[in-house]
Amino acid sequence: MRIATWNVNSLNARLERVLEWLEYAQPDVLCMQETKLADGVFPEMAFTAAGYESAQHGDGRWNGVAILSRVGVQDVRSGFASGADEQGSRIVSAVCGDTRVYSVYVPNGRVVDSEFYEAKLAWLSELRNQLETNEDPGSPVAVCGDFNVAPEDRDVWDPAKTSGSTHVTGPERSALGEITGWGLSDALRIQYEDGGLYSWWDYRAGCFHKHEGMRIDLILLSAPLAKRFNFVIIDRNARKGKLPSDHAPVLVDLS
DNA sequence: ATGGTTGCGAAGCAA
């Protein structure tokens, strides 16, 4: 089974690229973030025609998350089970095949110590709570998405330049550590120790071509899934060419 | 060079 995640930065703007990517990457499940679509206008039929069922949670202008699956979509849950304010369509999950799959879009945080930064930390804490109270780390669980946190310095192009700004601070990394500490493995780190493997590059100033990026899009696997690990890729080709998202898809292949 | 780009939606905000 192949599970992928991709912040598409508007599904309206990216639909053709997503359909093209499904065709050549052949994921069984694709988690998307920043669809920026309300529930009523999600292009469900385009994905049905490509062989995928969908679950989607969106308000329209901002955020929005979705899951596409060709191995079934059951028991869709939008938002946090606790009913906590999730600040706008940032989490959806469904059972795809034998796996509970989450698509998450963690708040950006904007500026350290701002109310947005505090909200980001609170959201990450709520995600940990969601897993603790609703899932079992001994069963197949995949938490996929744009975490807006680079787990370590090797996940950042220039730790000195970015030090002290959002995505790399201690509290953000600790909050992410609480989530993986529940019982999840960062899929990319099962296979690669390398630095310089990024999933997001700013549109501006030619950052992609200068390899100035961060690895903030993660696939986190519970132990039963990690045991089935075959390989992981970050598809940089999807960040090239005509009208790319500023994020590349991450894909993990499991037995 | 204190910059740069994209998306949404129709000016400015968010990323």
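Convention: sequence-line order gives letters A, B, ...; per-chain numbering from 1.
- Comparing B:dG4 with B:dA14, their C1' atoms sit 15 Å apart, to the nearest whole Å.
- Of the two residues near DNA chain B, A:Gly109 and A:Gly60, the one whose nearest nucleotide lies more 5' is A:Gly60.
- As rounded to whole Å, 15 Å separates atom P of B:dG4 from atom CD of A:Glu212.
- The gap from the P atom of B:dT5 to that of B:dA10 amounts to 24 Å, rounded to the nearest Å.
- When the P atom of B:dA14 is taken as reference, atom CG of A:Asp146 falls 17 Å away, rounded to whole Å.
- One P atom belongs to B:dG9, the other to B:dG3, and the distance between them is 27 Å to the nearest Å.
- Using a cut-off of 4.0 Å between Lys/Arg side-chain N and Asp/Glu carboxylate O, A:Arg128 and A:Glu132 are scored as salt-bridged.
- The side chain of A:Tyr105 has B:dA15 as its nearest neighbour among B:dA15, B:dG7, B:dC8.
- For B:dG7, one of the phosphate oxygens OP1 or OP2 lies less than 4.0 angstrom from a side-chain nitrogen or oxygen of A:Arg14.
- Spacing between atom CG of A:Asp59 and atom P of B:dG7 amounts to 21 Å, rounded to whole angstrom units.
- Interface residues of residues 195-208 of chain A facing DNA chain B, ordered by number: A:Tyr203, A:Arg204, A:Ala205; criterion, heavy-atom separation under 4.0 Å.
- Separating the OH atom of A:Tyr117 from the P atom of B:dA14 is a distance of 19 Å, rounded to the nearest angstrom.
- Here A:Asp217 does not pair with A:Arg215 in a salt bridge; the nearest charged N to carboxylate O distance is not below 4.0 Å.
- With distances taken from any side-chain atom of A:Asn12 to the nucleotides B:dC8, B:dA15, B:dT6, the minimum falls on B:dC8.
- Look at CG on A:Asn9: it is 10 Å from C1' on B:dT5, rounded to the nearest Å.
- Between A:Arg2 and A:Asp28 no salt bridge is recorded (no basic side-chain N to carboxylate O distance below 4.0 Å).
- Here A:Arg228 contributes atom CZ and A:Ser255 contributes atom OG; the two are 7.5 Å apart, rounded to the nearest 0.5 Å.
- Going from atom NZ of A:Lys210 over to atom C1' of B:dA1 covers 11 Å, rounded to whole Å.
- Linking Ile, Leu, Val, Met, Phe, Trp and Tyr whenever their side-chain heavy atoms come within less than 4.5 Å puts A:Val252 and A:Ile67 in one cluster.
- Remark: C1' of B:dA15 and CZ of A:Arg61 are 13 Å apart, rounded to the nearest angstrom.
- A salt bridge does not link A:Lys242 with A:Glu16: none of the charged nitrogens is closer than 4.0 Å to a carboxylate oxygen.
- When each of B:dC8, B:dA14, B:dG7 is scored by its nearest atom to the side-chain atoms of A:Arg110, the top-ranked nucleotide is B:dA14.
- Atom C1' of B:dT6 sits at a distance of 16 Å from the matching atom of B:dA11, rounded to the whole Å.
- In this structure A:Gln191 satisfies the side-chain hydrogen bond (donor to acceptor under 3.5 Å, both in side chains) test with no other residue, sequence neighbours excluded.
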Going through the distances and angles, do A:Gln33 and A:Asp146 end up as a side chain to side chain donor-acceptor pair (under 3.5 Å)?
CA-CA 7 Å; A:Gln33 300 83 38; A:Asp146 177 357; over 6 Å; no
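- The nearest whole Å value for the distance from the CD atom in A:Glu34 to the C1' atom in B:dT5 is 14 Å.
- Mapped onto DNA chain B by nearest heavy atom, A:Ser10 and A:Asp246 fall at different nucleotides, with A:Ser10 at the one closer to the 5' end.
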